[in-house]
Amino acid sequence: MLLKQIHNLRNTLSFRLTLWYAFIFTLTSLLALSIFYYHISQITMENTDDELLEEYREFAAIMVHEGTEELMSEFNTEIIEEAEESLYFRLLSPDGKILKSSDMTDFKGVTISKGALGALKNNEEYVIETLTVPGLEFDIQAIYGVITPSIIFNLGISLEDNYEYLSIFKNLIILLLIPLFFIAAFIGWFLARHALKGVEEVTQTAIEISKGSIDKRVEVKRRSHEIDTLANTFNSMLDRIQSLIKGMREMNDNVAHDLRSPLTRIRGIAEMTLVGNGSMQDYSEMAANTIEECDKLIEIINTMMDITETEAGVSPFKSEKLDVIKLILSACELFDPIAKEKDVQLLTVLPDNLVILGDKAKMQRLITNLLENAIKYNKHGGTVTISVKKDNQLVNIQVEDTGLGIAEEELPHIFERFYRCDRSRSRAGIGLGLSLAKAIVKAFNGDIKVKSALDQGSSFQVILPA
Ligand code: ADP
C-alpha cells in the first residue's frame, strides 16, 4: 500500500517538477559557491604573497638604512620570534650558497630554486614560487628577493593555514548544499502545487462530470493565462458536449414522437388490408398511402441525419467556388411551376454576379428550404422576393413573402426540430426545413434572422461571410 503510494507520487508532475527545481537550484548554488570558493582561494594566496613581499621589503629597508650587521641581527630576532610558525628564512649568495638559515627541520627537502636565482640575475627584484616538496604534506609559497648584490633573501611559508582555512570553506559549502537542496525541494513543491492547482481543479471537475454532473464548470479565477485558457477551453468543450447531448435527447424525443404517427398510420392501413374485403381500387389506394407515409418517414430520417451531421461537422463541408446568383436563379426556375400553381409571383433583386466559397449542395438546400416555405405559407396572389446584397465582406440573402406570417410568441421556436406553427399545420411539412437551414448557415459561419407579422408576411435574412 505504502509502496504503491510512493510509486504514484513518483509519477506525479508535482513530484517531478519539485525534483527538477531542487536539482537545478542546488546545481546553480553549487556553481555560485564554487566561484565564491575560487575567489576566496585566490585572495588567500594573494594575501600570502603580500605577506611575503612585505617581509622582503622590511629586510631590504633594514639593509639600506642600517647595514649588513643590523640585517643579520634582525634576521636572528625574526628567526627566534617566528621560530614557532610554519616558515623559514634564509640568506643566500647569488650563486645559491646558504649564508644564514633558520631551523629547516620541518622543511627537509626544500631546495634552492635555480629558476628563481636565474630570474634575479636577470634583474628581477623578487620572484615568488609555489613549491611542492616530496615528503611535505602542504605546499610552500616562497619568495626570493635581492637585498644587496651579494645577499638574496629567501622566505618560505607552509600553505597549511591557507589549506585549512579553505577546507573549512569547502566543508561549509558541502554542508550548506544539503539544507539548500531540501529548502529548494520545499519551495519547488510549493510552486508546483500552486501552479498545478488549476489543472487539479479541471481534473476534479472532469471526475465529477464522469460521475454524471455535466452541468459542472471549472471556475475561471484569473490564476495564470495558461490555466485560465485551459479552464475556458474545457468549459467551452463541456458547453458543446452538453448542447450536443441536449440536441440528441431532443432528437430522440422528437423522433419517437414524430415517427410514431406515420408508423401508426401504416400499421392501420396494413390492418385494414388484412381484415377488410375491399375492392382492388381500395387496395391500390392503401398501397399508395403506405408508400406516401414511407416516403415521409424516409424524408424525416434523412433530414434528421443531415441536420445532425451538419451540426456536428461530420459531413464533409466542401470549400468550392459557388455562384450564388446562378444558384438562386435555378432554384426559382425549379419552383416556378409550384409558385404559378399557387398563384404566387416570384421576384428577384440580384446583382450581376456574386461568387463565394462554400459547399454548393448545402447552399442549394438552404435556398430551396427558404423558397419552398415562402411559397408554401403564402396566400393566393402573393409574392415572394429574393434579394441579394453584398456589403462589408458580408453577403446578405433575403427571402421575403406576403403570406401567413408567424405569431410573435412562435418566432423563437421555428428553428427547433419538428416545430410547426399552429396556423400552418394544415399544410404539408415535417418541421425540419428551418432546423437544417440554421445548421447549414452555422456551417458557413453565418447567421439567419427572421422578421414576421401575422397575415402580412415573413422575411428570412441569411448573412454569410463573403
Ligand atoms: P415545415 O415547413 O416542414 O413545417 P420548417 O422547419 O421549414 O418546417 O418550418 C417550421 C415552421 O415555421 C413551419 O411549420 C411554419 O409554421 C413556420 N414557417 C416557416 N417559414 C415560414 C414562412 N415563410 N411563413 C410562415 N411560416 C413559416
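Atom set for the values below is all heavy atoms of this structure, side chains included, hydrogens, waters and symmetry mates excluded. Just so we're clear, the structure is a prediction, and the values are computed from it rather than from any experiment. Just so you know, residue 1 is the first one in the sequence shown, and it goes up from there. Every number for a ligand or one of its atoms is a count from 1 in the order of the listing.
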Q | Spatial distance of atom CD1 (I143) from atom CD (E54) [nearest 0.5 Å] | A | 11.0 Å
List every atom of ligand 1 that sits less than 4.0 Å from any heavy atom of [X], numbering the atoms from 1 in the order shown and giving each element.
X	answer
G429	3 (O)
I414	10 (C), 12 (O)
G431	1 (P), 3 (O), 4 (O), 6 (O), 8 (O)
C421	14 (O), 16 (O), 17 (C)

**Q.** Residue E164 excluded, over 12 heavy atoms near CD under 6.0 Å
**A.** yes
Could you tell me the residue and atom name of the protein heavy atom closest to [atom], and the distance to it rounded to 0.1 Å?
atom	answer
atom 2 (O) of ligand 1	Y377 OH, 2.8 Å
atom 15 (C) of ligand 1	S424 OG, 3.3 Å
atom 7 (O) of ligand 1	N373 ND2, 2.8 Å
atom 4 (O) of ligand 1	R420 NE, 2.6 Å

(Q) Tell me the closest heavy-atom pair linking C294 and I266, and the distance in Å. (A) SG-CD1, 3.9 Å
(Q) Using the ring centroid of each side chain, check whether F182 and F186 are separated by less than 6.0 Å. (A) no
Q.
Between ligand 1 and D401, can you find any atom pair, the residue atom being a heavy atom, that is separated by under 4.0 Å?
A.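 Contact check D401 vs ligand 1: positive.
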Q.
Less than 4.0 Å is my threshold; does some heavy atom of I406 fall inside it relative to ligand 1?
A.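 So I406 counts as touching ligand 1.
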Q) Taking atom types as modelled and ignoring hydrogens, do the side chains of Q398 and S459 form a donor-acceptor contact shorter than 3.5 angstrom? A)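 There is such a pair (donor and acceptor under 3.5 Å, judged by atom type) between the side chains of Q398 and S459.
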[X] and ligand 1 - part of the residue with a heavy-atom distance under 4.0 Å:
X	result
S458	side chain
L434	both
F460	side chain
K376	side chain

(Q) Please compare F415, Y419, F418 and report which has the shortest non-hydrogen distance to atom 10 (C) of ligand 1. (A)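 Going through F415, Y419, F418 one by one, Y419 has the nearest heavy atom to atom 10 (C) of ligand 1.
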Using only atom types and a distance under 3.5 Å, with no angle test, would you say the side chain of [X] pairs donor to acceptor with the backbone of [Y]?
X	Y	value
Y144	S113	yes
K376	A428	yes
S452	G457	yes

**Q.** All ring pair (Phe, Tyr, Trp, His ring centres under 6.0 Å) counterparts of Y283, not counting sequence neighbours
**A.**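 With sequence neighbours excluded, Y283 shows a ring pair (Phe, Tyr, Trp, His ring centres under 6.0 Å) to no residue whatsoever.
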Q. Mind checking what makes ring pair (Phe, Tyr, Trp, His ring centres under 6.0 Å) contact with Y419, not counting sequence neighbours?
A.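 In terms of ring pair (Phe, Tyr, Trp, His ring centres under 6.0 Å), with neighbours along the sequence ignored, Y419 is linked to H413.
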